[in-house]
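For ligands, and for the atoms within them, numbers begin at 1 and follow the listed sequence.
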Amino acid sequence: MKVLVVGGGGREHALVWKIAQSPLVKEIYCAPGNPGIAGLAICAHIPADDIDALLDFARAEKINLTVVGPEVPLTMGIVDRFQAAGLEIFGPNQAAACIEGSKSFSKDLMAKYAIPTAAYQTFTDRDAAVAYINEQGAPIVVKADGLAAGKGVIVAMTEAQAIEAINDIMLDKVFGAAGASVVIEEFMDGEEASFFAFTDGKNVLPLASSQDHKRAFDNDEGPNTGGMGAYSPAPVVTAALHDEIVETIVKPTIAGMANDGCPYSGILYVGLMIKDGKPRVVEYNARFGDPEAQPLLMRMKSDIVPVLQACARGNLQQDSIEWHDKAAVCVAMASGGYPAAYEKGFEITGLEEVLAMDDVMVFHAGTTLEDGKIVNAGGRVLGVTGLGDTVAEAIDCAYRAVAKIHWNGVHFRKDIGQKALNR
Ligand code: AMP
Ligand code: GLY
């Protein structure tokens, strides 16, 4: 069969790498892809949000299954368009993707189905929002309702910070229409984890646990980023907690979506805050996490393609995934200055040397080819992912590879995975 992966980051490189190993797959395409993906798939120069062009391409190439990586095409309705054209596609439709695209939608869903999360209220009036902040006090969390490229959440430690965030979003409209309404919620303390489950809209197939590192600098300091590294499994998610998450969060979410007339199929990403062994939802995403997909897919032993097909077809029967009995650690190597402004175009060295290492994959995110050289072209540039018998060995493996790779200004965290060791 022929598979098309939509996207061009580290998550999509990992998906292409995993899908390409399936005996069911003859040809694999990626749009737009990147120089790392180009070693495994035929890359089509189509942006991930150009749905018309993607549809034309899938028809022309007779693609049997399309797999969507990022949230933007999902919230634009790529799944609805492909399905209307009779093409098989993995991911939620536009209505279901609201679970990520609208914070008020997801908060209302959780309230209705008693899914544990932070207390909240939604506001469209600035003065009412400020009055609520004054009443609740700090710390408190302010969220633009719509998609804001991961920047729409402000964890305010003081009331003044929270009010400044309200003014930025509601008066200065820094996130445009995404800030027309605002969710204000209780600050949750604890340890974060990422939880994923495949679903066909009825049945769920949970993945192994993982944990992201959202802050830019060591010891969880600095600004939030798309994720500076991840590991799997995450020991904070014990076997008992895993079952509790499935029963009290994942299953009620999927059943609630179906009951509300917008069944959710694809992969559900639940961002969790765990305090005293109890999980609460921070947010949902309608897609695989990046970087979490990188360590998870390196650990996945089962063929992923039948699972993706079953989700797309609504007949997910499989009740478990086989995992390699290894830990995986992914270190994101970023451009100097990320998540703020950074310079691009520096040559990346050492990639060849890492190719020769066992148990390491370098997933490309923000790279491009310039005069035959691979250069940095985005914030997060590479996801260097290593396997080991233990988290400690996987950390060692990933950082041995990281040490061989260099470009001008390169920046990465030195403590990815340490939380797992500290437990
Ligand atoms: P989100 O985009 O909703 O994932 O939020 C980004 C980050 O903000 C999360 O990963 C958390 O670190 C933090 N965050 C969001 N909501 C809360 C909350 N209610 N309490 C504490 N931290 C939060
Ligand atoms: N790793 C965070 C995300 O994918 O949103």
Side-chain angles (χ1 to χ4, degrees), residues 7 9-12 14-15 68-72 74-75 97 99-107 110 116-121 133 136 138-157 161-162 165 169 175 178-179 182-196 207 209-216 220-232 234 267-275 279-297 330-332 334 339 363 365 379-380 383 385 413 416 419:
R11 163 183 54 209
E12 289 76 22
L15 278 166
V68 186
E71 64 276 18
V72 170
L74 294 169
T75 55
I99 205 165
E100 170 164 6
S102 165
K103 304 267 187 212
S104 58
F105 175 94
S106 68
K107 294 299 291 191
M110 288 184 265
T117 188
Y120 75 105
Q121 272 194 37
I133 290 167
Q136 296 293 315
I140 195 159
V141 181
V142 175
K143 302 186 171 185
D145 195 357
L147 283 185
K151 301 195 178 82
V153 174
I154 297 93
V155 179
M157 285 302 152
Q161 274 174 353
I169 297 172
F175 303 123
V182 165
V183 168
I184 303 180
E185 69 177 33
E186 172 197 355
F187 171 80
M188 292 187 286
D189 189 22
E191 183 168 348
E192 285 185 70
S194 305
F195 199 87
F196 300 89
L207 280 79
S209 60
S210 59
Q211 194 173 58
D212 189 9
H213 296 63
K214 289 214 162 77
R215 300 300 193 100
D220 292 335
E221 285 172 17
N224 260 323
T225 69
M228 294 300 293
Y231 61 91
S232 171
I267 187 161
L268 180 70
Y269 171 158
V270 188
L272 296 167
M273 188 70 80
I274 296 160
K275 179 82 197 288
R280 288 204 284 172
V281 177
V282 177
E283 62 160 354
Y284 296 107
N285 293 309
R287 51 176 174 78
F288 245 125
D290 195 2
E292 295 95 315
Q294 303 175 48
L296 279 168
L297 292 171
C330 170
V331 180
F363 296 114
R380 291 184 295 172
T385 311
R413 278 180 60 161
I416 303 301
K419 255 190 215 152

What is the nearest protein non-hydrogen atom to [atom], stated with its residue, atom name and distance?
atom: atom 5 (O) of ligand 2; result: Arg287 NH2, 2.9 Å
atom: atom 11 (C) of ligand 1; result: Glu192 OE2, 3.3 Å
atom: atom 16 (N) of ligand 1; result: Lys143 NZ, 3.0 Å
atom: atom 23 (C) of ligand 1; result: Val155 CG2, 4.0 Å
atom: atom 5 (O) of ligand 1; result: Val153 CG2, 3.5 Å
atom: atom 7 (C) of ligand 1; result: Asn224 ND2, 3.8 Å
atom: atom 19 (N) of ligand 1; result: Glu185 OE2, 2.6 Å

- Does ligand 2 have any atom that is closer than 4.0 Å to a heavy atom of Gly289?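 Heavy atoms of Gly289 do come under 4.0 Å of ligand 2.
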
- What do you reckon, does Pro291 put a non-hydrogen atom under 4.0 Å from ligand 2? yes

- Message: Quick one, Val72 and Arg287 - any side-chain contact, counting heavy atoms below 4.5 Å?
- Response: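 No, too far: nothing below the 4.5 Å cut-off.
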
- Task: Side-chain contact test, heavy atoms from C-beta onward, threshold under 4.5 Å: evaluate it for Tyr231 versus His213 and give yes or no.
- Result: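 Sidechains of His213 and Tyr231: in contact.
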
- Those atoms of ligand 1 less than 4.0 Å from some heavy atom in Lys214: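 Every atom of ligand 1 under 4.0 Å from some heavy atom of Lys214: 10 (O).
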
- Item | Heavy-atom donor-acceptor pair, Thr75 side chain to Ala97 backbone, under 3.5 Å |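 No, Thr75 side chain to Ala97 backbone: no donor-acceptor pair under 3.5 Å.
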
- Query: Can you check whether Ala216's main-chain N or O pairs, donor with acceptor, with Thr225's side chain at less than 3.5 Å?
  - Reply: no

- Message: Under 4.0 Å, heavy-atom basis, I'd like to know which part of Glu186 is in contact with ligand 1: side chain, backbone, both or neither.
- Response: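 Within the 4.0 Å criterion, Glu186 contacts ligand 1 through backbone atoms alone.
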
- With no hydrogens and no angle check, do the side chains of Asp212 and Ser194 hold a donor and an acceptor under 3.5 Å apart? no

- Note on the structure: Nearest heavy-atom approach of Pro291 to Cys330 is CB-SG, 4.0 Å

- Query: Who pairs with Ala178 by side chain to side chain contact (heavy atoms under 4.5 Å, CB included), at least two apart in sequence or on another chain?
  - Reply: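 Ala178 satisfies side chain to side chain contact (heavy atoms under 4.5 Å, CB included) with Phe175 once adjacent residues are dropped.
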
- Task: Before accepting this row, confirm whether a basic side-chain N of the pair Lys214/Glu192 lies closer than 4.0 Å to the acidic partner's carboxylate O.
- Result: yes

- Message: For ligand 1 and Met188, I'd like to know whether there is a polar contact (N/O to N/O, distance under 3.5 Å).
- Response: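 In this structure, Met188 places an N or O atom under 3.5 Å from an N or O of ligand 1.
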
- Message: Closer than 4.0 Å to some heavy atom of Glu292 - which atoms of ligand 2 meet that?
- Response: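 Those of ligand 2 that fall under 4.0 Å from Glu292 are 1 (N), 2 (C).
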
- Note on the structure: Note: ligand 2 atoms sitting under 4.0 Å from heavy atoms of Asp212 are 1 (N), 2 (C)

Any nitrogen or oxygen of [X], main chain or side chain, under 3.5 Å from a nitrogen or oxygen of ligand 2?
X: Arg11; answer: no
X: Gly226; answer: yes
X: Lys214; answer: no

- Query: Would Asp145 and Lys107 count as a salt bridge (Lys or Arg N to Asp or Glu O under 4.0 Å) if you check the C-alpha gap in whole Å, the side-chain angles of each, and the deciding distance to 0.1 Å?
  - Reply: CA-CA 10 Å; Asp145 195 357; Lys107 294 299 291 191; over 6 Å; no

- Task: Apply side-chain hydrogen bond (donor to acceptor under 3.5 Å, both in side chains) to Arg280 and list each qualifying residue two or more places apart in sequence or on a separate chain.
- Result: Glu186

- Sole candidate of Glu100, Glu292, Glu283 that passes side chain to side chain donor-acceptor pair (under 3.5 Å) when paired with Tyr269: Glu292

